[in-house]
Amino acid sequence: MARMKKDLLGLEGAGEREINQILDMAASMKEIMGRQIKKVPTLRGKTVVNMFYEPSTRTRTSFELAAKYLSADAVNISSSTSSAVKGESLKDTAATIAALGADVVVLRHPMAGAPHLLAGTIKPAVINAGDGAHEHPTQALLDLFTVREKKGRISGLQVAIVGDITHSRVARSDIWGFTAMGASVRLCGPATLIPAEIERTGARCCTRMEDALEGADVVIMLRIQLERQRQGLFPGIREYGRLYGLNRERLALAARDALVMHPGPVNRGVEISHDVADGVQSVINEQVTNGVAVRMALLYLLAGGGAVEAAD
Amino acid sequence: MRLLIKGGTVVDPVAGSLAESDVLVENGVITRVGRGIAAPGAKVIEAGGKLVAPGLIDMHVHLREPGHEAKETVETGCRAAVRGGFTAVACMPNTSPVADSRAVIRYILERAREAGLARVYPVGALTRGSGGEELSEMADLKEAGAVALSDDGRPVANPGVMRRAMQYAGMLGLPVISHCEDPDLADGGVMNEGYTATRLGLKGIPGAAEEVMVARDIILAGLTGCRLHIAHVSTAGSVRLIREAKARGIPVTAEVTPHHFTLTDRAVEGYDTSTKVNPPLRGEADVAAIREALADGTIDVIATDHAPHTPEEKDVEYDRAPFGMVGLETAVGLVWTELVAGGVISPARAIAMMTVNPASVLGLEAGLLAPGSAADITVIDPELEERVDPDTFYSKGRNTPFAGRLLKGLPVMTMVGGKIVYRR
Amino acid sequence: MPLYRHGQAFLRGLPEGKGVVVMPGSVRQKAVILDREGIRRALTRIAHEIIERNKGTENLALIGIRSRGVPLARRLAQRILQIEGREVPVGMLDITLYRDDLGTLSPHPQVQRTEVDFRVEGKTIVLVDDVMFTGRTIRAALDAVMDLGRPKLIQLAVLVDRGHRELPIRADYVGKNVPTSRREDVAVLLDETDGDEKVIITEEDKT
C-alpha cells in the first residue's frame, strides 16, 4: 500500500517514481500555460496561502500564478504584513490561517525546519518554498523538469553545482533530486562554504572549478551573498568571481551541449558572466517558466488532500 | 523516630561493593548498617531485591528561581529531584538576577528550606552578572553558602579574566565549574556540526568549540592550581584532553550528562526542539568515547544539566528555541538502562558517580551510607520498568527528548535527613 | 486476470463508467454488446454520418477524450480519409482538470497531456468518447475545448450511450444505445489500449 503524503517538505528520501509522477504532471500543466486562456477550473474554491517570511518576488509570484492558473484563490502574507512582527509565533499564525480555511499553505522561512513545525500542527497541506539552509524542493523539481525536458533524461548525467553550498537550500534539494534520478552530482566552492560531511549525500566535492566543470552536462550556479564576505567566509567578490565565476572559457570545459542553470536572482559578472547568462546554453529563463508548471502540478496534487505517492 | 530499611542490597560506592544489609535510621541519622538488625518499634521499609544507595547528588541543575519561575521554581525543581532519586542538587547561578551576590544565594537557600525536600547547594557566579569581565565577590558568596563558582551558560571568553578568577577561587578553596565553549567557534550554531546538521540545514557547533576551551582551562588550572571541574563533556577530543591532564596531575574533574552518553545528533532529525541542548548532542564516536571515559575513570561525575523551559519557548522554530532539556526525572533510569544494563559500568560505580564523586568535587560531607552520617538515602529498583511520560513529571519542564522511551531501573524511595520525601 | 485496472482511488466517483475495474471474483461479465465487427461497423457508420451532417470535411476537426476517445477519434479520421480522401486533424483532450468531482477524490488522478495542435477557432469540432453516461465528462470536455478557443460548432460522437443522464446533454452520433441499470458498468476494450476489441456489460458480483 503506497503511503500518501500531505505535505512537500523536502526531496530527501524522494524516489524516482514519485519525482517522475510530479514531472509528468508538470508537463501537462505546461501545456495549459501555452494556451491563450491560461486557466483551468480545477482548484476553484480552494485557497492557497503564500506565507513568506523572507523577501522573494520570484518564488512567491510563481506560486501565485500557479494557483491562479488553476483557479484557486491565492492570498499572500509577507513578513512585513504578518503578525510575526507583532510577536505572534509561527504556530499561532499558521493555526489562524488554517482556521480561515486555507487548503494549502506555501511557506518560505529563514529558519530550517519551520515547514516541519507547521506541517505537524495544521491540517492544510504545507509546501516548503525554502527553509533556511535546509531545502527548496520546488526549485529542485523545476531544475529536474528543465533538465529532463532539454536532455530527455536525467539518469547518467553529470551535474555540477557551484558556489556557496553551506548556505544553499537549492544545493541540498538538487543533490537529493538529481541523485535519486540517477545523475551524478559534483559540488564545488571555497572550502569555507562547503558544509561538513556533505559527501555522505553521495555527491562528490572539489574546490577547483575546473574539476567540477570537466565534462559536466549540467552546470548549476548558486547565488553568492555579499553578507558571507562580511561574515569572513571568503575574502571578497573579486577573488570569488576569479575562482568560481562561470565564463565562456570555463564553460568550454563542460560538455559541448551543457546546460547552464541558476536559481536566480543572478549576480551578473560575479558568479556568472553576461555572455554566459544570456548565451545559448543558458536555460535560466526557462527555469522560471517551468517553475510555474511544477508548482501547478504540486498544488493540484496536494490540494486533493494528499496524492503524491511516496516511494516504498 | 526509628526507621529500618530491611533486606536491601546496600551499595558502598567507596569500596565499590554491594552487600545485603539492613540500614537503621534514628532521628535523621544512620545509626547502624549490617545484617539482621533487630529494631523493635521501628517502622520497617522492605527493600528486598532493591538497591539501597547513599542519597544521589546532581551537581548540575537549573532551578530557574529567582527570575524564571515559569520554567521552574526551587520547590518544583526539588520535587523533581526527589522523584528522580536525588537527595541533593547544586544549582547554577544563571538566574535573574544572577547568583553573584550574597542576597541571591541566601534567597535560594531560604526557598529550599521552605520546600523541605532535597538539599540545595547553590553555585555562585564566577564573574559579576556572569558578564565575564569583573570577578564576583567570591568570599562573600562562599560565606553565604555557595559551594562552587561557575558562569555556566555564559562561558568566560577572556582567558585573562578566567586566569584571575581561578586564582581567586583557588585561594578560597572553591572549585570552578567551567562550561567549555568558545563563543566565536560556536558562532550561533544550534546543533553538532556534522552530516546531520548539513542535511537539516542547521548551523553546526564544532567539537573544537568545546575542546579549545577545555584545553585552555586545563592549562589555566595547571597555572593557578585551582580545582577545575569541566561541566557536561560532550566530545571525544575533550575526553582525551582531560585524560591527559589527569595523568599529569592537573586538578581537573569532569562530568557528563545522561543525554550525552545516550543520544547522538541523529535525534535532531525532525527538528524536535527538545533535542536542542548546549553542548549539543554529538556524533557516534563522541558517545563511544564518553562511555569509555565513564568506564575508565576519566569522567568522575554524572550530572543532568536539568534545564527546564516552558512549552511556549520550545514550541518554535529550532533556531529560535532555547538550549536545554530536563533531566532530573530520567537520569537514574538512563544510567541504569544505558550504562549498568549496557555493561558499561558497574552499579557501584554508577552510584559513586552520583554520590561520593560529586560530593568530593563540591567538598560536601555526603555520599556515604555509614553510621553517623545524615540519613540521605535513595532506594532503586533495578527491575522496575516504565515509559517516560513527561505529563507525569514533577518538574515544570516537559522538554525531554526521551518521551516514550522505556527505562529499566528506577528510584522508588528518596529519603532526606531521615524523612521520606518521595515514595513510589 | 483483470482486463485492466486503474488505481482504486482513481475510480471513486468517476461519472462516465470509465476505467472500469474488471476483477475476477468481484466483477463479472454479463454480456457482449459489440464485438470486433460491431465496433468496426459502428465507427464506419458514424464516419459517414459526420461527413453527411457537415456536408464534407471543411473546417472539421476531431478531438478524442482521453483515454479511449483518442483511438476512436483516430479511427474515425482514418475512415473519413478513406471515404473523402481528406485529412482531418485529430486532437487529444485530458479533462481531468475540468472534472466537477475532484474535491471528492483523494488522491487526485494523474493528469495526461492535452494535445490539440490546431486552432479551434471557427472550426467544427467533433468530440469523441467511448461511453456516454451521466454527461459530466462531456460537460468537462466542453469547458476544456472552449478554453482552447471559440469553435463554430461542437458535436459529440460516442461509441455507446448507456443512458442515466444527469445533465441536458445528448450525442449527435451514437454507435449503439444500450439501456443499462446503474449497478451495471460498460467497458470498452480497444486494441490500442487494451489489446482486445469489444464492448461488454459487467456487473458487480454480489457473491
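Remember, it's a predicted structure, so these values are computed and weren't measured experimentally. All heavy atoms count here, side chains included; hydrogens, waters and symmetry mates do not. Numbers restart at 1 for each chain; the letters A, B, ... are given by sequence-line order, proteins then strands.
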K.L.:
Kindly write out the residues that satisfy ring pair (Phe, Tyr, Trp, His ring centres under 6.0 Å) with His164(C), not counting sequence neighbours, or none if the list is empty.
P.N.:
Phe133(C)

K.L.:
Name all pairs fulfilling the side-chain hydrogen bond (donor to acceptor under 3.5 Å, both in side chains) condition that reach into residues 141-155 of chain C, sequence neighbours left out, sorted by first residue then second.
P.N.:
Asn54(C)-Gln155(C), Tyr98(C)-Asp147(C), Arg139(C)-Asp143(C), Gln155(C)-Tyr173(C)

K.L.:
Is Arg35(A) close to Thr114(C) at the side-chain level, that is, under 4.5 Å between some pair of heavy atoms?
P.N.:
yes

K.L.:
Excluding sequence neighbours, so at least two apart, what forms side chain to side chain contact (heavy atoms under 4.5 Å, CB included) with Ala171(C)?
P.N.:
Met132(C), Leu156(C), Val158(C), Val174(C)

K.L.:
Can you check whether anything in residues 144-151 of chain A gets within less than 4.5 Å of chain C, heavy-atom wise, and list it by number?
P.N.:
none

K.L.:
Might you confirm whether atom CZ of Arg58(A) has over 12 heavy atoms from other residues, nucleotides or ligands at distances under 6.0 Å?
P.N.:
yes

K.L.:
Closest approach of Met25(A) and Pro109(C), non-hydrogen atoms and distance?
P.N.:
CE-O, 4.1 Å

K.L.:
Do the side chain of Gln110(C) and the main chain of Gln21(A) share a donor and acceptor less than 3.5 angstrom apart?
P.N.:
yes

K.L.:
Step through the shown structure and confirm whether more than 12 heavy atoms of other residues, nucleotides or ligands are within 6.0 Å of CD on Glu52(C).
P.N.:
no

K.L.:
So for Lys30(A), is it side chain, backbone, both, or neither that comes closer than 4.5 Å to the heavy atoms of chain C?
P.N.:
neither

K.L.:
Taking everything shown except Lys39(A) itself, do over 12 heavy atoms lie less than 6.0 Å from its NZ?
P.N.:
yes

K.L.:
Check this for me: Glu87(C), atom CD, are more than 12 non-hydrogen atoms of other residues, nucleotides or ligands nearer than 6.0 Å?
P.N.:
no

K.L.:
Quick one: CG on Leu148(C) to CD1 on Ile32(A), what's the gap to the nearest 0.5 Å?
P.N.:
9.5 Å

K.L.:
What residue in Glu115(C), Arg113(C), Met146(C) has the most heavy-atom pairs under 4.5 Å with chain A?
P.N.:
Arg113(C)

K.L.:
At what distance, to the nearest 0.5 angstrom, does CG of Leu97(C) lie from CG of Leu43(A)?
P.N.:
8.5 Å

K.L.:
Of the backbone (N, CA, C, O) and the side chain (C-beta and beyond), which part of Asp103(A) lies under 4.5 Å from a heavy atom of chain C, both, or neither?
P.N.:
neither

